[in-house]
Amino acid sequence: MDDKALSTIALELYAVPFDEFMAARTAAAKAATGSGKDLAAAVKALPKPSAAAWAVNMMAVHESEILAQLADLGRRMRAAQSALDARALRELARERRALLDTAVGTARSVAERNGRAISTAIASDVERTLGALIADEGAAAAVQSGLLVRTLSADGVDTVDLEGAVAVPGAVPAPRTSPPPVPEHKHKQRATAAGAARAPSEQPRLEAVRETPRRTSPSALEKARAVLADAEAAEQDASALATERRDQLAKTEQNVAELTRETQDLRARLKASEEQLDSARKGLSSAAAEAKQAARAAEKAQRSAMLAQQRVLRLSAR
């Protein structure tokens, strides 16, 4: 099976409106039959994305720049963490909050433009997935691929679980990884061998290097301060999110109260209208009976008048 062909088809499928996916997949599988049964079967097996994953895919297709900004923010945050830069971490945490808010708003907008409004719950899943993009390079590659089928989440400790997250895993480039650290005894062995191989002319230069002050490793206090800064940034982030959710809750409660009052008013008006309708139906029935009785009386009077006229004519003829 041609993996490149499958990736091309998948990219087209995961860019269609949410409600059109199933029909588009069926048509794509049928069209792929000519290229082999394996490709057609693979296309048919492509899973439909969740609503939140679809919204993120729409961002990858139509608003890729904001995903790139989130990925860049993630790289800068990891660099600040590695450097134990507490001040940078605090500033980046504020930037993270603002950029995530903007990104979720963009997701809502792009989803609506493509035929489906997303709920608050789905928007929360989108936000959690974008947070995973920031936290993990592998998640960033998965999200930016446009082939996401489920949402992602990051706990800040372990790498993001990407099992079954992407429709065609082979289409997502593997994240860059740093070379594994060299064990300390290997460093010593290499240093000894290098020292033995150096010519005597290099000795003065080596002495100068040894006398140059080395950058000391971060102290335990500095590490603790960096961890504290990270925790404070996370606390600020969580506090801001909690405030936002409380505001949303208050607005939702107000909306529910207004709708409840409106529903009660409509029910009262409906009840009054039903009573008026019942009264009108009774009046209609009574009016119909009276009209029928009046029609009979009119017919009787008409017959009586005709008989009286005939009698007058007979008497006049005598």
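For reference, positions follow the sequence shown, starting with 1.
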### Summary
Nearest heavy-atom contact between Ala71 and Leu133 is N-CD2, 3.3 Å

### Query
Taking the side chain as C-beta and beyond, is there a heavy-atom pair between Leu162 and Leu152 under 4.5 Å?
yes

### Message
Can you classify the ring geometry of Phe21 versus Tyr14 as parallel (below 30°), tilted (30 to 60°) or perpendicular (above 60°)?
### Response
tilted

### Task
Determine, using the 4.5 Å side-chain heavy-atom cutoff (strictly less than), whether Met59 and Leu73 are members of one ILVMFWY cluster.
yes

### Task
Is it possible for you to say whether Leu99 and Val126 belong to one hydrophobic cluster, with membership spreading through side-chain heavy-atom contacts below 4.5 Å?
yes

### Query
Do Met77 and Ile66 share a hydrophobic cluster (ILVMFWY, side-chain heavy atoms under 4.5 Å, transitive)?
yes

### Query
Charged N to carboxylate O below 4.0 Å: is that the case for Glu20 and Lys48?
no

### Task
Could you tell me whether Asp278 and Arg281 make a salt bridge, using a distance below 4.0 angstrom between a side-chain N and a carboxylate O?
no

### Task
Taking the side chain as every heavy atom from C-beta outward, state whether Leu67 and Leu70 have any atom pair closer than 4.5 Å.
yes

### Query
Would Glu91 and Arg87 pass as an ion pair if we require N to O under 4.0 Å?
yes

### Message
Thr102 vs Gln69, test: side chain to side chain contact (heavy atoms under 4.5 Å, CB included). Steps then yes/no.
### Response
CA-CA 11 Å; Thr102 300; Gln69 292 175 16; over 6 Å; no

### Query
Would you call Val168 and Leu46 a side-chain contact if the rule is heavy atoms closer than 4.5 Å?
yes

### Message
Between Thr8 and Glu12, is there a side-chain heavy-atom distance shorter than 4.5 Å?
### Response
yes

## Note on the structure
The residue among Asp38, Ile9, Thr33 that forms side-chain contact (heavy atoms from CB on, under 4.5 Å) with Val43 is Ile9

### Task
Could you state whether Val104 and Val56 fall into the same hydrophobic cluster, counting links through intermediate Ile, Leu, Val, Met, Phe, Trp or Tyr residues with side-chain heavy atoms under 4.5 angstrom apart?
no

### Message
Any non-hydrogen side-chain atom of Ser145 less than 4.5 Å from a side-chain atom of Val166?
### Response
yes

### Query
Does Ser279 reach the side chain of Glu275, with side-chain heavy atoms less than 4.5 Å apart?
no

### Message
Is any side-chain heavy atom of Leu147 closer than 4.5 Å to one of Leu11?
### Response
yes

### Task
State, with a plain yes or no, whether a side-chain heavy atom of Ile134 is found less than 4.5 Å away from one of Leu100.
yes

### Query
Rounded to the nearest 0.5 Å, what separation is found between the CG atom of Asn57 and the CD atom of Gln144?
12.0 Å

### Query
Between the side chains of Ser82 and Arg78, does any donor sit under 3.5 Å from an acceptor?
no

### Query
So, for Ala55 and Ile118, which heavy atoms are closest and what is the spacing to 0.1 Å?
CB-CG2, 4.4 Å

